[in-house]
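Residue numbers start from 1 in every chain, and the chains themselves are labelled A, B, ... in the order their sequence lines are given, proteins ahead of strands.
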Amino acid sequence: MSPRMSEYPQVLFKNRVPGETVLIDGYRTTGGYTALEKAFKELDPATIRDQVKRANLRGRGGAGFPTGIKWSFFPADQPGEKYLVCNCDEMEPGTYKDRELLKADPHQLIEGVIIAAFALQTPVAYIFIRYAFEDCAANLDRAVAEAAAAGYLGKNILGSGFDCEIHVHRSAGRYILGEETALLNGLEGKRPNPRSKPPFPAVRGLFGQPTTVNNVETLANVPHIINHGAEWFKGLARTLEGAGTKLFGLSGHLERTACFELPVGILLREVVEEVGGGVRGGRTFKACLPGGASTPYLTAAQLDTPLDFEPLEAVGSRFGTAGVTVFDDTTCMVAATLNLIRFFARESCGWCTPCRDGLPVVAWLLDKIEAGKATFDDIDMLKDQFRNISGRSFCALAEGAMGPVAGLLNHFEQELADHVIKGRCPLKKK
Amino acid sequence: MPTLTIDNQPVTVAEGTTIIQAAERLGLVIPHFCYHEALGAAGSCRLCAVRIEKGPLKGIQMACMIPAQDGMVVTTLDPEAVEFRAHVAEWAMTDHPHDCPVCDEGGECQLQEMTIAAGHGTRRFRGLKRTYPNQDLGPFIVQEMNRCIQCYRCVRTYRDYCGGTDYGTFGSRNRVAYGRVTAGRLASPFSGNIIDLCPTGVLTDKTFRFKCRSWDLQEAPSVCPHCSLGCNTLPGARYRELLRVKARVNRAVNGFFICDRGRFGHGYQNHPQRLREPHVDGESVSWNDALAAVHERISQTTEHHGHGTVAFLGSRRATLEANLLLGQWAAATGCTRTVYECHPEFDRIARTVAARLGDQRRSPGDIQRSDFILLIGAEPLAEAPVLALAIRQAKRNGARIVILDPRPPQLPCAFEHLPLTPEQLQLALEQLATKKFKGWTRDESTTLRNLGKDLTAAQNPVIIGAGALLGAAGIERLFDLVDASSPAARPCGVLVPLAGPNSYAAGLLSNGGPDFDDLLDAILNGMVKTLVCLETDPFEDYPQHGRAQSALAQLESLIVLDALPTQTTRHADIVLPTTVPVESDGCYINHEGRLQAFAKVLDPGLSVAVTGGGDHPPRIFEQSAPGNLPRPAWAILAEILKLPTETAALRQQLARTDNRFAALTQIHRAAEGEIVTAIGIPPRPQDDDGAVESSVPGSLQLWPIDTFGGADIFSTYSVHLDPLRDEPYILLADEDAKQRGLTDGAGAVLTSELGHLKVRVRCTATIPAGIAFLPHLLRGATAGFVPGGGALSCTLKSVEGEA
Amino acid sequence: MELLPENQQEFFRSKAAAIAHPRELVIDALRAVQSHHGWVPDEGVTLVAALLGILPIEVEEVATFYDKIFRRPVGKRVIHVCDSICCWTREGEAIFTYLQEKLGIAPGETTTDGVFTLLPTCCLGACGDAPAMMIGLTTYGPLTPQRIDEILAQVRAEVSA
C-alpha cells in the first residue's frame, strides 16, 4: 500500500476488504441504510434532489454530467410510468472501478438506487450489468434480496407509501451498451443502437417513458451525501470546483495496478508515483490515459495536472472514468493507439458511417504506420480521418475513439514520423 | 412557418420540415443515403452534412436531423462540410466491390451518384474488404450484400413502412448484414419496394436480372392495371419485352410504393398466347379485312333484325378513351343497350360509387392521415393492396383500425377485429347508421354501439368496404352509413375498391342504362343478335357462367377486341387484337374518380427473346417487327368512327364531346391526376337484396373471394406471380372442419352447383361457423367461382389418403 | 440435445405473459438457452421467439449483435482472452500466443476434444489483474504461462468430472 493511503478519506471503499463482500449486517454496522431511513423519514424527494445538486456530484460514468442537473430535468412529480436505470456496463478499457465497488460493498449501490428512485419517484429501477461481471451480478442479486427482506425494497418502504422494485439485468457483451440510449434499447430487448437525441431519456426513455440513467459510482455516492451533506462532499475534493472522492483504477506499467479511492483533484504525479508505486521496473513515465481508453494521452509534462474535470479539459484531455493506464518509455504510442482503435472499431454498433467504416480505415492506417510501410501521405490521411470523424458520428463512441488519436497527433508526431523515416517501428528491437 | 436561408436563398417551409427537405424545395439536393422522404431520417449515413451558420445548433450538422427554424442560415458549400461529405463517401466505398459493370443497379445507382456528388473520386484505402455470403430471398429479389453501405433503408422500408416480419438487421460494427433468419421468399406482399428503396445494388429485381442495362430501357410514366387503386408505375422495356415495373411517385395515391402484384405481374405483355393477329371465323386476316368484316356483320345485323339489335359491352380494364368511343359507336348504330361492366353486381357498385362518392372520396394518401378507419367486408390485400399499406401508415400515426369481417384479416398492422357473418355485416351497416341495435348478443351490441360513438367522435374517419362480400346492396348501405356519420362540420370519408382499373369510368359512363343482366335477357329474347365486346370476358366474369354461355351462344355474331385469349375470344367470330396498357397511351379513372393518364412504353411485337429462340435475333431484315399487329382499342374504334387515331387530337375530340372529361386534354401533364367531379347516375332500385338462400343442413355458405395472387387477367397471365398463387383451398371455421373430420392442411372435395373440386383445407378459430371462403383464380380450377355473385351452398368431404 | 428444460421454458412463458414488454426478456432467454445447450442454434432462436411471443427476426437481430451469444457451436468452455490496452501493456499478446500454442488452436477454433473454444474479447474489467482472461463466467488474472497451465488443467478436470 502507498504510504500516503491513510491521508485519503475512504467513503465508498471504507468497508472494503480485498477478497470479501460486505453483506447487509456488515453494511449496517458502519452506518449503512441510515441515509435511506433519513431520506424516507425526514426528507422529501425535492430536498434530496436539491442536496445532490448542491453537492455538485458529477456523473462517474465518463461524461461527468452534473447529477443534480440531470435529475432536475426529470419529471419526478409527473404521474405515470418512470424508470431509474443504473448503468453498470463498465467496458471502457482501463476501467474497473464499478466492479471493485460491487465486489466489495454492493449494498451501497442498492441504498443509492433506492434513495435516487425515491428522489425521482420511479417505482421501478433496473441495474444493467455487463456479461463479464457475473460476480457483481450475483452480489447484487443477494443484496437486492437482503434489502427486500429488511423492508428497504418492495411496497410502502418504511411506511412512506413509496414502492420500489429493482431488477438486475445481465447483458451479453458489447461496449456500446454503455451509451445510455443504446443501453435502454438493450434493456428493451431491441438492437442496442443508440437513439437519436432529442428526445432525451428524461422525456422518452425506457419503454418510451421518462428515465434517468446513472452510473454505479454516482449512485453509490448518494447515501453519503444524504448522510453528511453537500458541503462535506465538496470538501472531499482537492480542487475548489471539484467534489467528492473518485475511484481510480490503475493499470498499465505501474508497480501497483489496483483500484483506489482518492480525492478528486489529486495530482496525476501523486497517483503515478505514490499510489501506483511508480513506473514498473524503475522505468520512465512516457504517457498515460487519464480516464479510460477514450481520453487523450497525457505526457510527463502534464504530471502535475490535478485529476478533475476542468483541469484535465484545460490540458486537452478528459477525466473520463478515472481509469489511469500508464505507459513507460518502451511503449510505442502508435502500437498503443492501434490497439485502442481496434477496440473501438470492433465495438462499433454499426449504425453510422464514420464509426462503422471510418474507424477500420484509421486502424488500417495505424497498422501500416506501425509496420513501417507508411508514407507521409498516410500520416496526412490519418490527420484528415481524425479531423472528419471527430464530432461527426451519431453517438460518442467514434468521438471517444478519436481521443487517443488526438493524443497521438498532439504529443507524438515525431514518433509517427520516425516510423515513416525509419521504415519500421523505432521502439521495436531489431 | 419558419423562413430560413440555404446557400443564400430564402425559403419558407412548414413547421417540422428538416433542412434537407427545405433544401429540396429550393431544388438543392444535399447528398444523402439513409434519408428518404417516405422513411424519414435515420441519421446513420452522415452524408447530408451542412454548416449551420446561424441557428440554435451551429456548425457541421446533418441536414436530415435538424428541423428548419426561423432565421436559420445554412450553407451546403462550406469547405468543412464538403470535405466531410467526401469522407463519408470514401468510408461507404471502402468495402464496396466496385462491380458496377455487372451490377443491375448500374446507371440508376444512388451510391454512384452520391459518391460523385460528394466529391470522392480516388481510392486511398488499400486494406482488405469485408465480404458477405448472400442469402436466397426467393423468386423476386436478389441479394448481393457486398455492395451494401448499411443505410438501413431496406429494413426501414420492409419492417417499419410495409409491416413485413421476416427481414432484419444482423450483426454489428462493419459486419452489419440484412436478411431473413433462414433463406426463403420474403413473405411481405410489398417486398419489392426494397428494390426501389435500396440506394445501391444490394437488392435488385430477380425477374429483371441481367436482362438489360437500365439506360437501355424504354420507360414511360404508367398506371398499374392490376386493381382500381391506380398506383403510378414506371415500366421498363427492351427488345419488345416488358422487363420490369418500378414504383413512380404519386403522393396522393401510392406515395413511393407499389405491391408485388403490380411490380412482378408484368409477364402478361410478352405472354406467348398474346393475341397478335386479327381473326375472322377462325382465320387470320389483315386489319383491312377484319374491319371490313366488322362493318359487314354489323350492317347485316341491322339490316336483318333492325336498329338496336347490335349491343356493345365496355369494360373495367379498357381505357377511358376506348370506352367513350365504344359509346359513340353504339350510338351511331342506334344501340340502346350499351353496358360497361359484365358483372351486374360490380356494375351497380361502380354506379353507386360514381353517383355518391363526391367530396367524401378518400385516396390512400388521405387514408394515411385518418384517425379512425372502419373496414367492413373489405380485404385490402386482395382488392387494393397498397390500401393496406396506407392503413398501416395511419396506424403508425396513431389511428384506430376496426375490422368487421368474417375472414381472418391480413392487414400488415395491428387492428381490432369483430368476425361477423356476411348477413351480419349488412345488419351492422344498417344499424350503425340508425344507431338502433337489434339482433345481437349483448357483447356485440355494446361493441357496435361504442363503435358508432367512436365513429362520430373521430376527427377524420374513413369507412372502407368492398363488393365481394357486401354486394351492391351492402355498398349502398355503406354510403348510407357514411352519410349518417357525416355531420356538416366533418364529413366521414369513404373508400370502396372497385373491380378493375377503370371501373369508376364504367360506372360513370353507364348513365342509368341497362346492365348486363338486361342485355342477356335481350339476347335470350332475340332482341340482340350481335355483341361487340371491348376488352372484357363476359363468359368468365359474369357470375353465372351457365346463363352467360347459353345466352351468348344465341348470338349471330360476337365481335371481340382484346389483348389476351379469354373464353370470350375463343367463342368470338371476329377477334381484333389490342395492345396491353404499356403498349399504348390511355387513361383510367381510379376508385376515387381520379383520372390518370399513362403513356406508351413500347410498341407491341414479339420479343426478340422469342423471335431469336433464346439465341441471337434472326437476321431477317423487315420494315416491321413480327407480332406488331395489335393496336390500341381506342385507335381501332377511332378508325371505325373515322376519328383521329393520334392521342392528343383524339382526347381533344373526346373532351369536346363529353365535357365531364374536359381534363383529358391536359391530363398527361397532371402529376397527381385530376379528380373527375361529374356525378354519375345511381343504379335503379333493386328488389333482390342478394340474400343468401337458406342453407341445406350440413352445407356451408361458400363465398368466392379474391386473393393477393390476383384474379385480374393481367395477373393470371404473369408467370412470375405463380409463387404467390396457392393451390385451391377452402377457408373455414375450426369447428366446421372438425365436424367433417377435417384438419388444417387436409385434402377435401368441395361439392356445389358448379360440380366437384379438390381443395386443401385451411381452418382458423375466428371464422363464424357455417361460412367458408374459396379463392377465385381466373383460368384456374376455381375460375367458375366468381366473387360478388353472393354465396353458394356447398358440402365438403374428406379425401381419404390425401395428405 | 435439449434446448431448455421444460420448467425454464414455463418460467419464461409465464413471465412473458405477466409483463408489459416481454421482449425485454430476450437476452435472459437467449442466455438461458446458451447456458443449457452450450450455444444458440436456429431452433433456439425460434424457441425464444415462441416463449416470449415475439418474432424470430427480433430474436435473431439481437442474438447476432452481442458477442457473448454464440450462434455457432462452441466447446464446453469458452476462453475469452482480453486483447485490450491494459492487458496489452502487460504481455497480453504473449499470453494469447501461449494459449493458442498450448491448446493447439487459432482464435475462433475449438480444441479437438471439444472442451475449449478460444476467443479474443474486449476489456474484461480486470485491468488491475492484467493480463486476464475469462473462462465461462469466471475471470482469471494476472496470467502467466504456469498459471494458465494450472487453470486449464483445473477446468479440464471440472469438465470431465
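Interatomic distance, A:Tyr175 OH to C:Cys122 SG, rounded to the nearest 0.5 Å: 9.5 Å. Remark: A:Asp135 CG to C:Thr139 OG1 distance equals 6.0 Å, nearest 0.5 Å. The distance from atom CG of A:Leu289 to atom SG of C:Cys86, rounded to the nearest 0.5 Å, is 7.5 Å.
If you measure heavy-atom distances from A:Leu254 to chain C, the contacts under 4.5 Å come from the backbone alone. Only the backbone of A:Glu92 comes within less than 4.5 Å of a heavy atom of chain C; no side-chain atom from C-beta onward does. At a 4.5 Å heavy-atom cutoff, A:Lys97 makes no contact with chain C through either its backbone or its side chain. For A:Tyr126, the part lying under 4.5 angstrom from a heavy atom of chain C is the side chain only. Contact annotation for C:Thr138: neither backbone nor side-chain heavy atoms come within less than 4.5 Å of a heavy atom of chain A. Residue contact with chain C, scored on non-hydrogen atoms closer than 4.5 Å, involves the side chain of A:Phe133 exclusively. No part of C:Ala20 comes within reach of chain A, as not one of its non-hydrogen atoms sits under 4.5 angstrom from that chain. The part of A:Arg130 that comes within reach of chain C is its side chain, from C-beta onward, which places non-hydrogen atoms under 4.5 angstrom from that chain. Proximity to chain A is absent for every atom of C:Glu60, based on heavy atoms less than 4.5 angstrom apart. Only the backbone of A:Thr95 comes within less than 4.5 Å of a heavy atom of chain C; no side-chain atom from C-beta onward does. In this structure, chain A has a heavy atom under 4.5 Å from the side chain of C:Asp28, while its backbone stays farther away. For A:Ser171, the parts sitting under 4.5 Å from any heavy atom of chain C are the backbone and the side chain alike. Using a 4.5 Å cut-off between heavy atoms, A:Cys136 makes no contact with chain C at all.
Counting only distance, with no hydrogens or angles, the side chain of A:Arg99 and the backbone of C:Gly125 share a donor-acceptor pair below 3.5 Å. Distance alone, capped at 3.5 Å, places no donor-acceptor pair between the A:Arg191 side chain and the C:Phe65 backbone. Side-chain atoms of C:His21 never come within 3.5 Å of backbone atoms of A:Glu188 as a donor-acceptor pair (strictly under, hydrogens ignored). No donor-acceptor pair under 3.5 Å is formed between the side chain of A:Arg170 and the backbone N or O of C:Ile27. At least one donor-acceptor pair under 3.5 Å links the side chain of A:Asn339 to the backbone N or O of C:Asp83.
With chain C as the partner, the residue from A:Ser251, A:Gly350, A:Cys259 showing the most heavy-atom pairs under 4.5 Å is A:Ser251. Between chain C and the residues A:Leu250, A:Leu177, A:Asn185, the largest count of heavy-atom pairs under 4.5 Å involves A:Leu177. For the set A:Ala293, A:Gly249, A:Ala336, the count of heavy-atom pairs under 4.5 angstrom toward chain C peaks at A:Ala336. Listed options C:Arg31, C:His80, C:Met134 were ranked by heavy-atom pairs under 4.5 angstrom with chain A; first place goes to C:Arg31. Interface summary for chain C: among A:Glu90, A:Glu134, A:Arg174, the most heavy-atom pairs under 4.5 angstrom belong to A:Arg174. Ranked by heavy-atom pairs under 4.5 Å with chain A, the list C:Val26, C:Thr89, C:Val59, C:Leu52 is led by C:Thr89.
Annotation: side chain of C:Ile85 is not in contact with side chain of A:Phe343 (no heavy-atom distance under 4.5 Å). No side-chain heavy atom of A:Leu338 sits less than 4.5 Å from a side-chain heavy atom of C:Trp88. Side-chain contact between C:Asp67 and A:Tyr131: absent, with no pair of heavy atoms (C-beta onward) separated by less than 4.5 Å.
Of all heavy-atom pairs between C:Ala126 and A:Tyr96, the closest is N-CB, 4.5 Å.
A:Arg346 and C:Ser84 form no side-chain donor-acceptor contact under 3.5 Å, judged by distance and modelled atom types alone.
For A:Arg280, the CZ atom sits in a packed shell: over 12 heavy atoms of surrounding residues, nucleotides or ligands are nearer than 6.0 Å.
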